[in-house]
Amino acid sequence: MKVFEAFKIAFSSIIQNKMRSLLTMLGLIIGIASVVTVVSLGEGTQNDMLNEFSSLGINTVTVYENKDVKLPDSEKLNLDDIEALNEYFKDDIESISPRMNVAGDIIMNIDDTSVSLKGAIKETLESEDLTLISGRFLNDFDINSNKRNIVISSDLSETVNKKVGDGILIKARKTTYSYNIVGIYESQSSLGGFELESIYIPYTTINYMSNLGGRVGSIQIDFNDDIDFEKAKSDIINVLERTNRNIGEDLYKTFSADDMIDNISNALGQMTLFITAIAGISLLVGGIGIMNIMLVSVTERTREIGTRKAVGAKYRDIMLQFLIESTVISLIGGLLGAIFGIIITNIAGKMMSISSVFSIEALVVAFVFSTLIGLFFGIYPANKAAKLNPIDALRYE
Amino acid sequence: MISMRNIAKTYKTGHIYVEALKNINLDINDGEFISIIGHSGSGKSTLMNLLGGLDTPSMGIYMLNEVSFDTNNENTLAEIRNKLIGFVFQTFNLLPRQSALKNVELPLIYAGVSGKKRKEMAINALKIVGLEKRANHKPNEMSGGEKQRVAIARALITDPSIILADEPTGNLDSKTTHEILDLLKKLNDNGKTVIIITHEEDVANRTDRIITLMDGEIISDKKVLK
């Protein structure tokens, strides 16, 4: 018998038992649909994050101190380190700036407003992607002479009702000073919702005010596009360890957007794996369902099998007929599942505003898996059918 | 040409051995019209299973068209059933959801005949049994006599030398019984060996030779005088 004939027999049997076949497929439809949905949404989320981070500056490295080790003050990151890094990388960097944030409160008549004071240099305007709407940004003079000049956001300017040229009282590190507003930048719609308003202040001023002695919180370096990023990161550590004479002590760390992306990808990957494993259980259950229904079908069609054998069907013919039937059921279930998965992905993607990725891999996996499930769970019933003794099968009531 | 020598068949049910057939010696020539008669339990069904290659003897030699049947190979037996023997059953054994035409085609699927040729041959076979107009009807739309004629068409389609009919009229009324027996006689006239297994004397008397079985042995083998 040709395989093609076995397919025809299998299809006609599935069509004759539409409802039963559909219910049998249900387990696989649900399993495959959830795998496709989870994988597609996972990939979509990942892509969205990648896009978001690359817009935030994928070439930016933040250097910070190892929090697990207590560093002596002399080896903490400071302005000399910035100088050394600047010297080493020279043309490879677009900007290098210290990062230090100090929490502060704007002192007003009724309420205090909490703000975050951010140490800035004149390049901070670009590296933070700020748009000035009035006044100017901090300049070299402000920085070199520890001026108490600040740049505030448009939202904050409205909240406190101050404009360029006005003075403002801010309490930070237990001391209250008056600061001059020299510029106002356009407020950005923040990602996370709740964030303190940022006020930019010369980093030297923070240093002086907080008595940091040149120490900085962390260092932010914006590299050019064409740099070997991983090498640059290890070079940073090398330079710092040489400058501070603590080679190999692992006191400094780097962090960049791609580390973040790796972290998120890992977390997402694990979640996807977890949900896929659960979906895998539903595939297993679906497979057992197929085996069950095929066993019922074999029993039901015992006489048919007997007749087929009497007129010349061999072991292989009967085996093939039932194996193809279970595989076709499974495969149709898998493909329906994939279609539902794509539909659900699109709807859920729109609802959760995740750009859904049409995952070819998921489709291939669905296809391969459902075929394998059909084959695997079909073997036992098909073998049972093919091994039937024709005499008993013909007499079966 | 069938030749059986010292055939025995023993079944084991639980711990008990049942001797269904013993010491069977039988020759059937090509073109004979023959009946095997016996009460239930006489071993006639077992004999039919052996003759039809559905089962193999425990002992003895069975030659069919000069080929010894001493194989236990399922595939060889399936091929013999497909090519050399046409079965007709008491309960018709048609596939219930398939049309008459598809039912008749069935043995050809396993003989590897292509779809178009199959249809042609099946229509021809249905013509022989006079049912070509019912080709697209399903078994549940047909009378018992029609079903049995479809089954006979199916038995004929691979052009076997032997038609083996197991109680072919057991489920039919007397008028239809005659029609079916006439049809089998017609096939015999056209050169087929027809073997009918039955418990009805009337049916047996329509054939040319009656073999009587009792308790697993042949107790008589005689020509019918007409």
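So you know, we letter chains A, B, ... as the sequences are listed, proteins then strands, and number each from 1.
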Practice problem: Give, as side chain, backbone, both or neither, the part of Leu54(B) having an atom under 4.5 angstrom from any heavy atom of chain A. | Solution: both
Practice problem: Give me the one residue out of Val88(B), Asn188(B), Val194(B), Val129(B) that meets side chain to side chain contact (heavy atoms under 4.5 Å, CB included) with Leu183(B). | Solution: Val129(B)
Quiz item: Got a donor-acceptor contact below 3.5 angstrom from the Thr177(B) side chain to the Asp173(B) backbone?
Solution: yes
Exercise. Please state whether the side chain, the backbone, both or neither of Asn93(B) comes within less than 4.5 Å of a heavy atom of chain A.
Key: both
Quiz item: Considering only heavy atoms, which portion of Arg308(A) lies under 4.5 Å from any heavy atom of chain B: side chain, backbone, both, or neither?
Solution: both
Quiz item: With only heavy atoms counted, which part of Gln98(B) is less than 4.5 Å from chain A, the side chain, the backbone, both or neither?
Solution: side chain
Exercise. Determine, stepwise, if the pair Lys314(A) / Glu79(B) fulfils salt bridge (Lys or Arg N to Asp or Glu O under 4.0 Å).
Key: CA-CA 8 Å; Lys314(A) 296 174 182 166; Glu79(B) 219 156 292; 2.7 Å; yes
Quiz prompt | Interface residues of residues 369-393 of chain A facing chain B - heavy atom cut-off under 4.5 Å | solution = Pro390(A), Ile391(A)
Practice problem: May I ask you to check whether Thr91(B) and Arg303(A) show a side-chain donor-acceptor distance below 3.5 Å? | Solution: yes
Self-check item: Option that, when pairs with chain A are counted at under 4.5 Å, heavy atom only, ranks first among Gly86(B), Ser45(B), Pro96(B), Ala78(B)
Solution: Ala78(B)
Quiz item: Is the shortest distance from a Lys or Arg side-chain nitrogen in Lys127(B) or Glu132(B) to a carboxylate oxygen in the other one below 4.0 Å?
Solution: no
Self-check item: Ser13(A)-Glu325(A) side chain donor-acceptor pair, cut-off 3.5 Å
Solution: yes
Quiz item: Is there a donor-acceptor contact under 3.5 Å from the side chain of Asn103(B) to the main chain of Ser99(B)?
Solution: yes
Quiz item: Do the side chain of Thr302(A) and the main chain of Val298(A) share a donor and acceptor less than 3.5 angstrom apart?
Solution: yes
